[in-house]
2 protein chains.
Amino acid sequence: MSVSTRDRILDAAERLFAEQGFHLTTLRQITQSADANLASVNYYFGSKQELIRAIFRRRLDALNAARLERLDATERQTSRPDLEAVLEAFVEPALEFTRGGDAEGQRFMQLLLRAFADRDAALHAAMRQEYAHVMRRFADAVSNALPDADPGRLRHQLDFIVGALTLTMAESALKDTRIIAAELVQFAAAGLRGSLENRIPESARRTLEATS
Amino acid sequence: MSVSTRDRILDAAERLFAEQGFHLTTLRQITQSADANLASVNYYFGSKQELIRAIFRRRLDALNAARLERLDATERQTSRPDLEAVLEAFVEPALEFTRGGDAEGQRFMQLLLRAFADRDAALHAAMRQEYAHVMRRFADAVSNALPDADPGRLRHQLDFIVGALTLTMAESALKDTRIIAAELVQFAAAGLRGSLENRIPESARRTLEATS
DNA sequence: GCTCGATTCAAACAACCGTTTCAATGCTAC
DNA sequence: GTAGCATTGAAACGGTTGTTTGAATCGAGC
């Protein structure tokens, strides 16, 4: 029993939230699974809502720190990392989360997906803020690898990648994730490079003109 | 009052579910908003869970039908539509959902995102099944536009596109969706074409070998 | 105009929720 | 050991949930 009650609650809650969702998971389930008293959640975290935020802060900090560290390492090796290397620094830490332990990381990916789906404005803003720091770093790195890219579009494109990453990681079976991550990096790199041609498909332009 | 009570319940429930999530939305809110009695939900649908599935069936049927119809039209025009045209047939019906009425479609996109996040196995399986039909059609169309594509990868890449579409449509502000959809088509087309080169990035191959 | 099935209604049900309370216990420092 | 604070414990609170019930109302068919 070297782990504190607080940590046991965090672990149990994270697992249950990922499996069942936030609202379906009850404090009674959490405390029972953590071998703690029902009142201890409110004692340590104040409320259920604040427990959720604490869980997110813990994992998101770790994930984003790993991403930045990986990007730092790449930039230390080469002053001008190519596009694939930058994308890997973003994608692979998420992948390693999925691989560590047994399915623990995949659960967190599902948790992340739930956070995207939820309309909790406070949680959403906190996540965006937590991400903003990292996104700016990666946007710079991509700009560096792709000097002619349009910065305005880049933000949208990074959102595409986050969406593809989050949804596929949360959905896919465990053993496939390595291959999928490699494919995603390749796909995203080609997508980013392809936008350089700045070619708006004719049919899309047609649609845009028809409605403006 | 030409619309039936059943339909008023479906509309009100869809709106509330998208705004607040499934579990936060109560039958009392739904029936009050639909000018119906509390018991009417259980009368018409049996339970809350079956109401949710009815809502999904209704909209997903319409969305996928619109996509197939659009693809049919494109293929009728040209026997061999280019990649962008195929992607637009997939993306734009979702976009039109977002534009119709006032924000009604965007709400459904958020609903879709919630369905992805939820672990309701039955709902999930039903959605996959509902999608399978459409995905096969579009995979064929993409294969036709890109004859050298690897069919195995294609499935993953279509999942990427669905993820990017769903997450960004659910997140973005209303007025931006048209531009974002055009950018997504362009990004996805470039990503698909880029995979033809079959080039696995060196650093990714390094990672794959290190762990196998 | 009456009947019978479909629909609506108000009310109640049992179950569960997050939170609070307050006494009991554990642990550290003097 | 004992004072004082942090932690745990059992129980209860007020409130809300989905569902059920049984009577009231409606509306078409004969």
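Every chain is numbered from 1 and lettered A, B, ... according to where its sequence line falls, protein lines coming before strand lines. Note that these values count all heavy atoms, side chains included, but never hydrogens, waters or copies made by symmetry.
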remark   = To the nearest angstrom, the CD-P distance between A/Q32 and D/dA10 comes to 12 Å
ask   = In terms of the nearest nucleotide of DNA chain D, which residue is placed more toward the 5' end: A/R28 or A/A36?
value = A/A36
key: Closest nucleotide among C/dT8, C/dT20, D/dA10 to the A/N37 side chain   = D/dA10
query = Are there more than 12 heavy atoms of other residues, nucleotides or ligands under 6.0 Å from atom CD of A/Q29?
reply = yes
query = Please give, in whole Å, the distance from D/dG18 C1' to B/H23 NE2?
reply = 13 Å
task = Would you mind telling me which of D/dA6, C/dG18, D/dT19 lies closest to the side-chain atoms of A/T26?
result = C/dG18
request  = Rounded off to whole Å, could you give me the CG-to-P distance for the B/L27 and D/dT19 pair?
outcome  = 6 Å
ask   = Picking from C/dT19, D/dT19, C/dT7, which would you name as closest to the side chain of A/S47?
value = C/dT19
A/L60, A/I55, A/I52 screened by side chain to side chain contact (heavy atoms under 4.5 Å, CB included) with A/L111, the one that passes = A/I55
ask   = Side chain of B/A39: nearest nucleotide among D/dT21, C/dG18, C/dT7?
value = D/dT21
Over 12 foreign heavy atoms within 6.0 Å of CZ, A/R58 = yes
inquiry  = From CG of B/N42 over to P of C/dC9, roughly how many Å is that when rounded to an integer?
reply    = 15 Å
request  = Tell me what B/T25 touches on the nucleic acid: a base, only sugar-phosphate, or nothing, going by heavy atoms under 4.0 Å.
outcome  = sugar-phosphate
ask   = Quick one: B/L24 CG to C/dC17 P, roughly how many Å, whole number?
value = 15 Å
key: Between P of C/dC17 and CD1 of A/I30, the distance in whole Å   = 11 Å
task = Quickly work out the A/Y43 OH to C/dC22 P distance and round it to whole Å.
result = 17 Å
key: B/N37 versus B/T31, closest heavy-atom pair with distance   = O-CG2, 3.2 Å
inquiry  = Judged by each residue's nearest nucleotide on DNA chain D, which is more toward the 5′ side, B/Q29 or A/T5?
reply    = A/T5
message = Need one value for B/S40: base, sugar-phosphate or nothing, where a base atom within 4.0 Å counts as base even if backbone is also close, heavy atoms only.
response = nothing
inquiry  = Output the rounded distance in Å from CG (B/L38) to C1' (D/dT19).
reply    = 8 Å
Aromatic ring pairing A/F187/B/F160, orientation class (parallel under 30°, perpendicular over 60°, tilted between) = tilted
